[in-house]
Participant: 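I am attaching a structure below and will ask some questions about it afterwards.
In each ligand, atom 1 is the first atom listed, and ligand 1 is the first ligand listed.
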Amino acid sequence: KAESRPKYPRSLPSLPIIGSLLHLGGNPQLHLLFHSLQKKYGSLYSLKMGSHYMVVVSHYRHAKEVLKKGNTFAGRPHTVTTDMLTRDGKDIAFASYSPLWKFQRKQVHAALSVFRKGTLALEKIIYREAASLCETLRTSQDTFLDIAPEFSRAITNVMCSLCFSSCYKREDPDFEATLQYSQGIVDTVGQESLVDIFPCLQVFPNKDLALLKRCVEVRDRLLQKQFKEHKEALGSDSANDLMDALLRAQLNLENNNSRLAQPLELTDDHLLMTVADIFGAGVETTSTGLKWAVLYLLHYPEVQRKIQEELDQKIGFERHPQLSDRQQLPYLEATISEVLRIRPISPLLIPHVALTDASIGEYTIPKGAQVIINIWSLHHDEKEWDKPEEFNPGRFLDERGNRLYSPSPSYLPFGAGIRVCLGERLAKMELFLFLAWILQRFTLEALPGQSLPSLEGKFGVVLQVQPFKVKARLRAAWRDGV
Ligand code: HEM
């Protein structure tokens with residue numbers, strides 16, 4: 001009996017060594033390039049980056065199949081840059097599926113749930129930072145300001161509180177170093193740079209790699225300092241942040257390992273890389289989300305006005321917005337959803353790897369294949385979204401203005417399944433609270449007499465916003481000394 005032959009996804013032409021590189025035309029906007037290749041190769045196709053076999057997924061049905069098929073696609077590729085960043089995958093985001101990875105995820109998840117309440121209530125930390133950000137905007141309300149560093153500062157401080165219970169003053173040299181190394185990492189990691197495609201190139205001097213190395217050194221010096229202080233203080237009542245939680249988990253594991261069928265070792269490296277990961281994954285993503293939101297509000301002042309009307313009606317001017325107001329502010333919530341749709345912060349997710357021979361739809365996917373899920377394509381699929389390039393928060397609301405949670409299944413800004421973003425709830429809290437606080441007090445304005453700043457993103461580990469300036473004008477109700 002003839003066995004049915006495996007059917008592989010259609011492939012871009014490929015040459016030895018360089019693979020399909022010539023057919024990618026050197027376009028650095030990989031999400032757009034992959035999106036456009038669908039026209040010729042269909043919604044599931046393959047290509048070779050150097051010698052790596054990659055499958056690109058552009059339809060939500062296939063995407064959900066990949067993300068929700070247990071751990072089949074829960075691997076991650078090793079790359080030169082991410083290995084340098086994570087001490088060879090000892091973190092969560094870039095580590096392949098393993099029992100230890102599961103343990104690390106579980107610990108962080110548990111810690112984040114605890115931190116929603118209690119002394120380290122994340123909500124209160126965000127209020128503190130939102131208040132401080134509003135104060136900065138108030139003092140510079142007559143100038144056009146680059147708001148990006150202000151968002152980075154605010155979110156960095158939220159993450160510093162969460163990870164280390166520390167909060168930096170503006171001038172603190174450690175804080176400035178943190179801001180700088182974070183930017184350096186965003187500029188260098190995951191760009192599908194040549195070193196990642198051809199690891200052998202790392203023997204030649206490489207500017208990006210040298211910068212990443214310097215940034216990692218600075219990060220490690222600061223991490224080590226926190227680690228030492230936390231280890232010394234462990235056991236005292238003040239032990240309450242993510243680093244403490246992981247130190248306790250490490251101790252528990254050491255004490256209980258003999259009872260486990262498969263002993264696990266959470267080394268200091270794993271612990272440090274987990275904290276660094278949460279910090280890294282938490283800062284750039286959320287501040288980028290805030291930047292996109294502000295940029296879209298400059299382009300669509302009518303959306304800004306509607307959010308302010310909603311805030312004025314539901315909250316007024318006597319108190320600040322709180323997390324419990326979310327249900328009351330569906331238009332703001334819908335605007336956040338629409339920002340994450342139209343400019344997905346992580347447009348290609350993080351690459352997944354098939355851990356066994358597998359399939360997607362009718363196609364055979366060999367073990368070891370990298371699977372790239374093009375969220376950009378999902379979020380701009382014309383069959384799912386009416387005029388996808390139009391910014392329209394209304395698409396997330398029903399006719400009565402109530403919030404519709406998923407107008408289309410083709411919406412996955414945080415991924416799904418076992419690798420879903422660990423910080424989704426925290427990120428949504430931050431986006432909601434920072435925007436609500438800012439728009440309750442200020443109206444955001446673009447530079448007059450000039451064309452509006454570009455809505456084109458720059459592909460990288462996050463979809464970056466090009467620098468722009470904004471004036472935050474205090475609204476009438478707040479002008480008299482609030
Ligand atoms: C608006 C903000 C954010 C967005 C849009 C976002 C989105 C994502 C996406 C798309 C992934 C990849 C999922 C995949 O590969 O399938 C991811 C992974 C991850 N995110 Fe987020 N994220 C955000 C904020 C955060 C925050 C605040 C934290 C930390 C508390 C965080 C922690 C993580 C971690 C640890 C992973 C890796 C999960 C794993 O590989 O198992 N993220 N995020």
Participant: What are the polar N/O contacts of ligand 1 with the protein below 3.5 Å, with distances?
Facilitator:
residue, atom, partner, partner atom, Å
ligand 1, 15 (O), Arg76, NH1, 3.1
ligand 1, 15 (O), Arg76, NH2, 3.0
ligand 1, 15 (O), Ile350, N, 3.4
ligand 1, 15 (O), His352, NE2, 3.2
ligand 1, 16 (O), His352, NE2, 2.7
ligand 1, 40 (O), Arg76, NH2, 2.7
ligand 1, 40 (O), Arg419, NH1, 2.7
ligand 1, 41 (O), Arg105, NH1, 2.7
ligand 1, 41 (O), Arg419, NH1, 3.4

Participant: Does any part of the side chain of Pro407, heavy atoms only, come nearer than 4.5 Å to the side chain of Glu384, both counted from C-beta?
Facilitator: no
Participant: Measuring only between side-chain heavy atoms, which start at C-beta, is Pro351 closer than 4.5 Å to Leu349?
Facilitator: no
Participant: Start with the C-alpha gap between Phe391 and His299, add the side-chain angles, then the distance that decides, and say whether ring pair (Phe, Tyr, Trp, His ring centres under 6.0 Å) holds.
Facilitator: CA-CA 9 Å; Phe391 182 69; His299 278 255; 9.4 Å; no
Participant: Any pair with a residue in residues 99-113 that passes side chain to side chain donor-acceptor pair (under 3.5 Å), sequence neighbours left out, goes on the list, sorted by first then second residue, please.
Facilitator: Gln104-Thr274
Participant: As a quick check of understanding, evaluate side-chain contact (heavy atoms from CB on, under 4.5 Å) for Leu223 and Phe164, giving each step before the final call.
Facilitator: CA-CA 9 Å; Leu223 260 178; Phe164 314 119; 4.1 Å; yes
Participant: Can you check whether Lys428 reaches Phe414 side chain to side chain, under 4.5 Å on heavy atoms?
Facilitator: yes
